[in-house]
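Order of the sequence lines fixes the chain letters, A, B, ..., with proteins taken first and strands second; residue numbering starts at 1 for each chain.
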Amino acid sequence: MAKVSIAKGMRDFNASEVFKRQYITSAIREVFETYGYAPLETPSMENLSTLTGKYGDEGDKLIFRVLKSGDFLKSVPQDASRDAGKWSALVSDKALRYDLTVPFARYVSTNLNEVKLPFKRYQIQPVWRADRPQKGRFREFMQCDADVVGSDSLWQEVELMLIYADVFKALQLPVRIRISNRNILAGMAEFAGVAGSFMAFCTILDKVDKIGIDKVKEQWVELGVLPERADALANMIQLSGEAGLEKLASLNAQATEDVAFVVKHFNENNANPDATLLFDPSLARGLDYYTGCVFEVEALDVSVGSIGGGGRYGDLTGIFGVKNVPGVGISFGLDRIYIALEEKKLFPNDVAPTPYVLGVNFGDATSARTFQHITALRRAGIMAEFYPEKAKMKKQFDYANARNIRFVLVIGDSEAEKGVASIKDMTTGTQEEVKLEEVVGYLLSVA
RNA sequence: GUGGUUGUAGCUCAGUUGGUUAGAGCGCUUGAUUGUGGUUCAAGAGGUCGCCGGUUCGAACCCGGUCUUCCACCCCA
């Protein structure tokens with residue numbers, strides 16, 4: 001056993017895994033581009049100060065900080081206390097990106113003169129979190145984001161929901177999208193008498209699926225929710241759909257109308273019967289910066305957690321000194337979609353391209369001639385490979401079989417004398433003799 | 001960050017209350033078939049039992065530490 005190992009929570013991807021991942025990202029990229037989003041790439045590292053304070057206290061702890069180079073302890077006093085949080089800013093000034101939204105906000109803030117608003121960008125890059133790994137949770141994982149800034153229009157929300165539906169239609173993965181609005185939750189917190197502890201109120205609410213409504217009520221009361229209103233709140237969060245929106249309109253009429261608008265126009269345009277968009281007031285979402293609609297996507301019948309999420313942030317660039325640039329965005333979690341497709345066996349068989357023809361190598365006398373035919377096949381767009389060593393026929397056929405290569409091209413002395421090539425179809429076991437000058441045409445015709 | 005779990009051949013896993021040369025299936029190599037794969041048969045290669053230390057006459061097995069995996073919290077994609 002080797003002494004080296006891979007870093008915790010990090011992964012290698014072999015050929016088959018890469019092809020499957022590309023299958024997913026291609027589907028996402030294609031839909032993003034069809035909807036008019038343009039690509040953006042940002043660096044792996046940002047200034048630490050760009051990232052801290054954007055994801056809440058918990059989020060800050062999960063940011064991978066990068067040590068300063070050189071004598072990074074220089075600025076820490078000899079008798080410093082061992083409080084890492086206190087000194088980390090002195091030894092670290094940059095960090096790996098934690099998501100794609102904040103780097104995007106940084107980009108918009110620093111390039112405001114160059115971007116034309118509304119600005120629609122997509123970004124498919126890895127992000128890093130110093131989390132403890134589990135199934136579907138990695139320290140390095142790929143996010144696929146589409147965001148638009150500079151528009152308050154709810155049509156953007158409608159469009160993003162349709163992107164979800166279209167992507168999961170392409171991948172044939174049945175999903176449920178849940179939608180809510182932060183202001184509905186704010187209304188609930190106000191009704192509960194804990195408007196001052198809004199975030200904590202949401203965090204508790206978010207756990208309803210896991211711990212049940214009774215525990216949620218208990219924790220709410222501990223937080224300071226008026227006990228006589230806990231039951232009413234419990235009833236509220238169990239409402240859903242159109243009827244739920246009507247009943248909750250008193251909390252925040254604008255917010256419920258907004259959600260209704262998005263659902264209505266989504267349904268008018270949606271072409272994927274296996275993607276449903278449903279209002280669910282129990283949807284909270286953890287991130288601090290959402291201000292309007294929030295969404296979350298789950299794959300049906302797969303226990304992998306959410307495979308996507310997003311929401312509207314009224315003023316993300318505000319923290320970078322650029323006011324009044326509202327935005328809304330969604331994210332796809334590539335790694336979790338991968339797990340879902342794998343579990344449901346939804347990857348097509350042909351995601352990994354395999355060579356179509358293998359040229360048998362008989363040694364110097366005939367290999368040059370066979371190689372020329374392989375070259376001709378490649379120029380004609382046929383994936384072909386030449387067995388590099390002079391090896392036994394058995395071994396070469398075995399290789400073709402193991403690699404799922406369909407045709408084996410044999411040009412030995414007996415073929416050469418007749419001016420033909422033997423072409424064997426490995427799927428049927430049949431073999432035909434084809435004139436040398438017709439090899440390319442023959443293989444094109446059966447492709 | 002808290003609590004637990006896992007690690008034995010390339011892969012999936014056995015391995016008795018600690019006992020001498022650590023096993024199976026699949027895969028791999030070679031041959032039966034010196035110009036033909038998938039089936040069959042035969043033979044063969046391959047392991048410091050995650051790593052470090054301790055207990056013991058003796059450790060894959062017991063104890064401690066460490067790394068990794070997975071799980072529950074926390075949080076999230």
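- For Thr430(A) and Lys395(A), each mapped to the nucleotide of RNA chain B holding its nearest heavy atom, the one lying further toward the 5' end belongs to Lys395(A).
- Nucleic acid contact for Tyr399(A): none, since no nucleic acid atom lies under 4.0 Å from a heavy atom of the residue.
- Straight-line distance between the C1' atoms of rG3(B) and rC61(B): roughly 25 Å, to the nearest whole Å.
- No hydrogens or angles considered: a donor-acceptor pair under 3.5 Å links the side chains of Glu33(A) and Tyr122(A).
- One cannot find a donor-acceptor pair under 3.5 Å joining the base of rG37(B) and the side-chain atoms of Arg403(A).
- Gly136(A) comes within 4.0 angstrom of a base, heavy atoms only.
- In this structure, the CH2 atom of Trp128(A) is 25 Å from the P atom of rC75(B), given to the nearest Å.
- In terms of phosphate contacts, Gln396(A) brings no side-chain nitrogen or oxygen within less than 4.0 Å of OP1 or OP2 of rU36(B).
- Tyr290(A) and Tyr313(A) have tilted rings, their planes meeting at an angle from 30° to 60° on a 0 to 90° scale.
- Taking a centre distance below 5.5 Å and an interplanar angle below 30 degrees as the stacking criterion, Phe141(A) stacks against the six-membered base ring of rA77(B).
- Searching all strands for a Watson-Crick or G-U wobble partner of rU48(B) with both distances below 3.5 Å returns nothing.
- When the C1' atom is used for both rU5(B) and rU69(B), the distance is 9 Å, rounded to whole Å.
- Put simply, the side chain of Arg137(A) and the base of rC75(B) share a donor and an acceptor less than 3.5 Å apart.
- Using N1 to N3 plus N6-O4 or O6-N4 for Watson-Crick, or N1-O2 and O6-N3 for G-U wobble, each under 3.5 Å, rA60(B) pairs with nothing.
- Here, rG38(B) and rC28(B) have their P atoms 10 Å apart, quoted to the whole Å.
- A donor N or O paired with an acceptor N or O is not found under 3.5 Å between the base of rG1(B) and the side-chain atoms of Glu58(A).
- Cation-pi contact between Arg21(A) and Phe13(A): present, with separation from the ring centre below 6.0 Å and deviation from the ring axis of at most 45°.
- Using a 3.5 Å distance cut-off with no hydrogens or angles, the side chains of Asp280(A) and Ser240(A) do not pair a donor with an acceptor.
- rA24(B) and rC70(B) are spaced 30 Å apart, taking the P atom of each and rounding to whole Å.
- Between rA77(B), rG38(B), rC71(B), one nucleotide has an atom nearer to the side chain of Gln134(A) than all others, and that is rC71(B).
- Among the atoms of the strands shown, only primed sugar atoms or phosphate atoms (P, OP1, OP2) are found under 4.0 Å from some heavy atom of Gly9(A).
- Considering only side-chain N and O atoms, Lys8(A) lies under 4.0 angstrom from the phosphate OP1 or OP2 of rU68(B).
- Between rU30(B) and Lys392(A), no contact under 4.0 Å exists linking OP1 or OP2 to a side-chain N or O.
- Nearest to the side chain of Pro133(A), among rG35(B), rC75(B), rU69(B), sits rU69(B).
- Within the nucleic acid shown, Val127(A) has no heavy atom closer than 4.0 Å to any nucleic acid atom.
- With hydrogens and angles left out, the side chain of Arg132(A) and the base of rU69(B) share no donor-acceptor pair within 3.5 Å.
- Judged by atom type and distance alone, Arg336(A) reaches the base of rC76(B) through a side-chain donor-acceptor pair under 3.5 Å.
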Please test Glu385(A) against Tyr399(A) for side chain to side chain donor-acceptor pair (under 3.5 Å), starting from the C-alpha separation and ending with a verdict.
CA-CA 11 Å; Glu385(A) 203 173 311; Tyr399(A) 176 84; 2.6 Å; yes

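- Taking atom CD1 of Ile330(A) as the reference point, atom P of rC76(B) lies 19 Å away to the nearest angstrom.
- In this structure, Thr203(A) reaches the sugar-phosphate backbone alone: every heavy-atom distance under 4.0 Å involves primed, P, OP1 or OP2 atoms, never a base.
- For the P atoms, the distance from rG27(B) to rG65(B) is 42 Å, rounded to whole Å.
- With a 3.5 Å ceiling on both atom-pair distances, the Watson-Crick or G-U wobble partner of rG3(B) is rC71(B).
- Residue Asp398(A) places no side-chain atom within donor-acceptor reach of the base of rG37(B), judged by atom type and a 3.5 Å distance cut-off alone.
- The heavy-atom pair separating Thr366(A) from Gly412(A) by the smallest distance is CG2-C, 4.3 Å.
- Projected onto RNA chain B by closest heavy-atom contact, Phe397(A) and Met10(A) fall at different nucleotides, the more 5' of which corresponds to Phe397(A).
- Within 4.0 Å of Glu415(A), counting heavy atoms only, lies at least one base atom of the nucleic acid.
- At the heavy-atom level, Gln143(A) lies under 4.0 Å from the strands shown only through sugar-phosphate atoms.
- Summarising the local packing, CD of Glu342(A) is surrounded by more than 12 heavy atoms from other residues, nucleotides or ligands at distances under 6.0 Å.
- At whole-Å resolution of the value, CG in Leu205(A) and C1' in rC75(B) are 15 Å apart.
- Contact annotation: Lys207(A) reaches the phosphate of rC74(B) (side-chain N/O to OP1 or OP2, under 4.0 Å).
- Checked by distance alone, Gln431(A) brings a side-chain donor or acceptor within 3.5 Å of a matching partner on the base of rU36(B).
- Only the P atoms considered, rU48(B) is 12 Å distant from rA22(B), to the nearest whole Å.
- As a whole-Å value, the separation of Arg21(A) CZ from rA77(B) P is 17 Å.
- Using the Watson-Crick or G-U wobble rule with both distances under 3.5 Å, rG23(B) pairs with rC13(B).
- Atom name P, nucleotides rG23(B) and rA9(B): the rounded distance is 14 Å, in whole Å.
- Distance CE (Met426(A)) to P (rG37(B)): 8 Å, rounded to an integer number of Å.
- Counting heavy atoms from C-beta outward, Tyr356(A) and Phe407(A) have side chains that approach closer than 4.5 Å.
- One P atom belongs to rC41(B), the other to rG25(B), and the distance between them is 12 Å to the nearest Å.
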